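Input: a single structure, listed below in C-alpha cells.
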Amino acid sequence: MNRETLDRAVLPLAIPIAAIVGIVFFVFFFSRILLAVDPIFATLIALGMSLNVLTACALIAAIPGLRTAIIVGAVVVGVVLLGGVGVLA
C-alpha cells in the first residue's frame, strides 16, 4: 500500500476507530477496578488517576524534544497495567 493511499483512505478510518476502542477499554477496565474496592478508596483511586493523567499530559507538553517511542512505550505500559489490574479485579 503506498503512502498516499494510507494517508487518504486508511488513517481517517483507523484513528477514530482506535480512539473509540481505547476509550471503551479504559472505561470498562477502570470501572472494574473502582467497583472492586470500597467507595472511599474508589474516590481516592479516581482522584489519583486523574492527577496521573494531568501530570503526564503536562510533561508531554513541557518537553519539546520527547521522542514518540518514549510516549508509545509509556502508553503501552499503562495499558498493560490497567488491563491486568482490571482483569484481576
Side-chain angles (χ1 to χ4, degrees):
M1 183 177 303
N2 62 16
R3 184 72 180 168
E4 185 178 351
T5 304
L6 180 68
D7 287 343
R8 295 178 65 99
V10 177
L11 286 180
L13 295 173
I15 291 174
I17 290 171
I20 291 169
V21 169
I23 291 169
V24 168
F25 178 86
F26 178 80
V27 168
F28 178 75
F29 283 113
F30 197 62
S31 71
R32 299 287 98 202
I33 295 168
L34 294 179
L35 289 172
V37 297
D38 292 332
I40 189 70
F41 294 122
T43 304
L44 294 175
I45 291 170
L47 287 172
M49 185 60 139
S50 64
L51 182 62
N52 185 20
V53 169
L54 181 65
T55 304
C57 291
L59 284 174
I60 289 171
I63 303 174
L66 196 59
R67 295 176 51 142
T68 305
I70 295 172
I71 296 172
V72 170
V75 169
V76 167
V77 168
V79 166
V80 168
L81 287 174
L82 181 65
V85 173
V87 168
L88 292 176

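The basis for the numbers below is simple: all heavy atoms, side chains too, and nothing from hydrogens, waters or symmetry mates. All of these numbers come straight from a predicted model, not from anything done at the bench.
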Flag yes if [X] and [Y] sit in one hydrophobic cluster, no otherwise; membership is Ile, Leu, Val, Met, Phe, Trp, Tyr, and two members link when side-chain heavy atoms are under 4.5 Å apart.
| X | Y | value |
| --- | --- | --- |
| L81 | V79 | no |
| I40 | M49 | yes |
| V75 | V53 | no |

Going from CG on L66 to CD1 on I71, what distance comes out if it is rounded to the nearest 0.5 angstrom?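 So the gap between those two atoms works out to 4.5 Å.
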
Once rounded to the nearest 0.5 Å, what's the spacing between atom CG of D38 and atom CG of L44?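 Between D38 CG and L44 CG, I get 10.5 Å after rounding to 0.5 Å.
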
Which pair of heavy atoms, one from L47 and one from S50, lies closest together, and at what distance?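 Minimum heavy-atom contact is O-OG, 2.7 Å.
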
Of the non-hydrogen atoms in P16 and L11, which two are nearest, and what is the gap between them?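 In terms of heavy atoms, the two residues are closest at CD-O, 4.0 Å.
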
Taking atom CZ of F41 as the centre, report whether more than 12 heavy atoms of other residues, nucleotides or ligands fall under 6.0 Å from it.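 For F41, atom CZ is not crowded (no more than 12 foreign heavy atoms under 6.0 Å).
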
Any side-chain heavy-atom pair of F29 and V87 under 4.5 Å: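 Yes, their side chains come closer than 4.5 Å.
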
May I ask you to test the L82-I33 pair for a side-chain heavy-atom distance under 4.5 Å?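 Yes. Closest side-chain heavy atoms under 4.5 Å.
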
